[in-house]
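The block underneath contains the structure these notes are about, expressed in structure tokens.
Quick note on labels: first sequence line is chain A, next is B, and so on, each numbered from 1.
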2 protein chains.
Amino acid sequence: MPELTQNQIARLSRVSQATVSRVLRGDPRVNEELRQRVLAVIEKHGYVPDARAQSLRSLRSGILGLVVHRSPRRLASDPFFSALIAAIIEFAGKAGYHLCVDAARAIQSRRAIYEELLRTRRVDGLILVEPQTQDERMPRLLQEGFPFVLIGRYEPTDAVYSVDNDNVGAGRMATEYFIRKGHRRIAHISGPRGIFVCEDRHAGYRCALEEAGLGYSSDLVAWGDFSEEHGYRAMSRLLSLPNPPTAVVAVDDLVAIGALRAAKERGVCIPHQLAIIGFNDSPFCQYVEPPLSSVAVDIRTLAQMATDVLVKLIEGREVPQRRYIVPCHLVERQTT
Amino acid sequence: MPELTQNQIARLSRVSQATVSRVLRGDPRVNEELRQRVLAVIEKHGYVPDARAQSLRSLRSGILGLVVHRSPRRLASDPFFSALIAAIIEFAGKAGYHLCVDAARAIQSRRAIYEELLRTRRVDGLILVEPQTQDERMPRLLQEGFPFVLIGRYEPTDAVYSVDNDNVGAGRMATEYFIRKGHRRIAHISGPRGIFVCEDRHAGYRCALEEAGLGYSSDLVAWGDFSEEHGYRAMSRLLSLPNPPTAVVAVDDLVAIGALRAAKERGVCIPHQLAIIGFNDSPFCQYVEPPLSSVAVDIRTLAQMATDVLVKLIEGREVPQRRYIVPCHLVERQTT
DNA sequence: TTGTAAGCGTTATCAC
DNA sequence: GTGATAACGCTTACAA
């Protein structure tokens, strides 16, 4: 109801509207007396500038966009995203930005969404999560010179600003950990091919095996999706092998839980007959039976760096590197 | 780079800028030939209207705000919110709106955030989650006539538009379920006093007990917070009672898991010596051991109704009721 | 130091 | 039907 404008504040303070604007923007050239008068009126009436007008004029909306690739259904049950969103809200807020979240459902709507957010200039910059090996958005965004940061990876690596877990390192870390514990047959249940996260963790897994002279066999690798069901099926198959693995690196905690279920159903003793490790250190890891070991990715730091880089890009400040890597660490529980 | 405006499209199509606007808004009065010409140019150059200018002029930003009360830390690990956010994104998107999420951390920043979102007119309307018994924002929002919907409850009930679980009904449902199963000593581990969700579920619990003639005893009720730790401590205390309960209604799944842990540590057999039920049917319920029974709240419907009501309010369409109740249902697993 | 005025890119109301 | 033209509320030269 107090549909206040600078004009009204100006009239009430008996100054020009430009002066009100100057006071608000902290322009040092305004007389102290006037400034006080204006501030008093602003305070008294609770005036707040209209963000719409500000963004039109200043070409800044004060909003960051976060676009995730998952269907709302998958988003709903994925703890990674709630943690990510929460952390980005936190850091964006500290930098004076709001966060607008969009989910790019189907492939065809993806283009629509980024067009929407980008071309309408509704947001000042974009954080993109989980880019795919072939991501049609990158060239467009690059060509437009629009500020954006990837959480994940894109090739060529130096083409874009990105923040990422050390996924290759994490895959290697989990595998080497098993090797150190004496395992010789180590399987890997991965996600979809073409997703960098999966390809990278798989590469780390393979590397560790080959460096230890254990050899890599595609029989011990199961590609699929990120579901518990996939973990269950893949584990069932692996356990039916003539020479089943004694340890499994699962690409995700949910997948690991599926694997765990398959093993428990067959009476396999965990961790003695079969060791399992997941990724992400999801909150539920400590609640499953037995509590699931997991490679923790530092989501908060990931969010902080991504937000920080994006804000710097938007505000034209210098960003020293193109790519930032956040280390993972292994959380040992009862399944390894 | 193609920093296109209607003006440029107009020049390229050799029409006036007003005509371009009319074509875009689907004004029927434009000559078919001109319309085609304009549309061709728009298509060719990939023009999209500037949302900032549109919102300034039309007084609509096309953005809904979601404000949650939790600290980013608690937000990060709460599956309720990821599900809620995901669903709201979905339904807002279908209605042509984006979603801006803000977390109101400390009490004092709460006021700042709603001022920010509301008075700057950055969003067209607000969805507020978990209002408290004393919520200083309500009077302000009401007074401003700003469109907003509550997910939760506020008194007087008819003062605001709200969508809610049937929390009283749910508390009663869980308790009656235990009574039907023959339990006589049924405890309740609740959350903080003054949170409607907790007060309501507690009221339903109490009601069911009294109607069944079992009597209500505050010894069997533990108020606290929403943490696993609280569940653990409360359960430990309850189990030390001279006459411990045989069934527990926990206000939240996480609290239930804490209770479960306390019971398992003491060698209490579940569900035979002690039955436990949680609330929310969180994704991890099926992964704990034994799988946790839970009263499921229909988050997707909650989100859908809230979004639907809010969009109607914003667009000036009629909203038949002030308050909408979404029923809960009981998901029976191995702890009951 | 302050006021005047020109946009920012739309939408919508006029005349023609 | 179509084209000028006046807002929307703000920022920022430019004038005074």
Side-chain angles (χ1 to χ4, degrees), chain A residues 1-39 41-42 45-63 116-124 315, chain B residues 1-39 41-42 45-63 96 116 118-124 315:
Chain A
M1 161 152 326
E3 209 62 86
L4 286 174
T5 68
Q6 285 190 353
N7 239 314
Q8 325 220 23
I9 299 297
R11 253 198 298 277
L12 290 165
S13 332
R14 282 162 299 120
V15 295
S16 78
Q17 180 255 339
T19 299
V20 177
S21 175
R22 288 196 192 97
V23 169
L24 284 161
R25 312 243 32 242
D27 192 312
R29 306 174 300 185
V30 285
N31 177 294
E32 191 53 28
E33 193 197 341
L34 280 199
R35 159 188 251 74
Q36 292 306 335
R37 206 158 79 205
V38 172
L39 283 176
V41 175
I42 287 175
H45 294 80
Y47 164 82
V48 180
D50 183 311
R52 298 167 302 199
Q54 276 183 321
S55 28
L56 176 58
R57 177 63 227 222
S58 61
L59 307 183
R60 286 283 163 78
S61 65
I63 301 179
E116 235 298 285
L117 285 173
L118 163 62
R119 305 298 302 282
T120 62
R121 309 275 150 174
R122 200 185 282 281
V123 298
D124 293 337
E315 297 177 354
Chain B
M1 148 162 337
E3 210 60 87
L4 286 174
T5 69
Q6 285 189 354
N7 239 314
Q8 324 220 21
I9 299 297
R11 252 198 298 278
L12 290 165
S13 332
R14 281 161 300 120
V15 297
S16 78
Q17 181 258 344
T19 299
V20 177
S21 176
R22 286 198 194 95
V23 170
L24 283 162
R25 315 250 16 255
D27 191 312
R29 304 173 301 183
V30 285
N31 177 295
E32 190 53 28
E33 192 197 342
L34 281 199
R35 159 187 249 81
Q36 291 307 333
R37 208 157 80 204
V38 171
L39 284 176
V41 175
I42 287 175
H45 294 80
Y47 164 81
V48 180
D50 184 310
R52 299 167 301 198
Q54 278 182 320
S55 24
L56 175 58
R57 179 61 229 220
S58 61
L59 306 182
R60 288 282 163 78
S61 65
I63 302 179
E116 234 298 284
L118 162 62
R119 304 298 301 284
T120 63
R121 308 276 149 173
R122 201 185 281 282
V123 298
D124 294 336
E315 297 177 354

#### Entry: Side-chain donor or acceptor of B/S61 paired with backbone N/O of B/R122 under 3.5 Å
yes

### Task
Check the distance between D/dC14's C1' and A/R29's CZ and give it to me in whole angstrom.
11 Å

### Query
Hey, does A/Q54 reach any base, or is it just sugar-phosphate, or nothing, if we go heavy atoms under 4.0 Å?
sugar-phosphate

## Note on the structure
Judged by nearest nucleotide, the residue sitting upstream toward the 5' end of DNA chain C, A/Q17 or A/L56, is A/Q17

### Query
Are the side chains of A/L24 and A/I42 in touch, meaning some heavy atoms are under 4.5 Å apart?
yes

### Query
At under 4.0 Å, does any side-chain N or O of A/T5 touch on OP1 or OP2 of D/dG9?
no

### Task
Return yes if the base of C/dA12 and the side-chain atoms of B/R25 contain a donor-acceptor N/O pair under 3.5 Å, otherwise no.
no

### Donor/acceptor link under 3.5 angstrom from B/R57 side chain onto base of C/dT10
no

### Message
Please determine whether a side-chain nitrogen or oxygen atom of B/S21 lies at a distance below 4.0 Å from atom OP1 or OP2 of C/dT11.
### Response
yes

### Task
Among C/dT10, C/dG3, D/dC10, find the nucleotide with the atom closest to the side chain of B/Y47.
C/dT10

### Query
Is any side-chain nitrogen or oxygen of B/T19 closer than 4.0 Å to OP1 or OP2 of D/dT2?
no

### Task
Can you see which heavy atom on B/R29 is nearest to which on B/R22, and at what distance?
NH2-NE, 3.5 Å

### Query
Within a strict 4.5 Å, meaning less than it, do heavy atoms of the A/E32 and A/R35 side chains meet?
yes

### Message
Which nucleotide wins on minimum distance to the side chain of B/A18, given the candidates C/dT1, C/dA12, D/dG9?
### Response
C/dA12

#### Entry: Donor-acceptor pair present, A/R22 side chain and C/dG3 base, under 3.5 Å
yes

### Query
Whole-Å distance between D/dA7 P and B/L59 CG?
15 Å

### Summary
A/L24 CG to D/dT12 C1', in whole Å, measures 14 Å

#### Entry: Salt bridge present between B/R25 and B/D27 (N-O < 4.0 angstrom)
no

### Query
Can you find a side chain N or O atom of A/Q6 that sits less than 4.0 Å from OP1 or OP2 on D/dT11?
yes

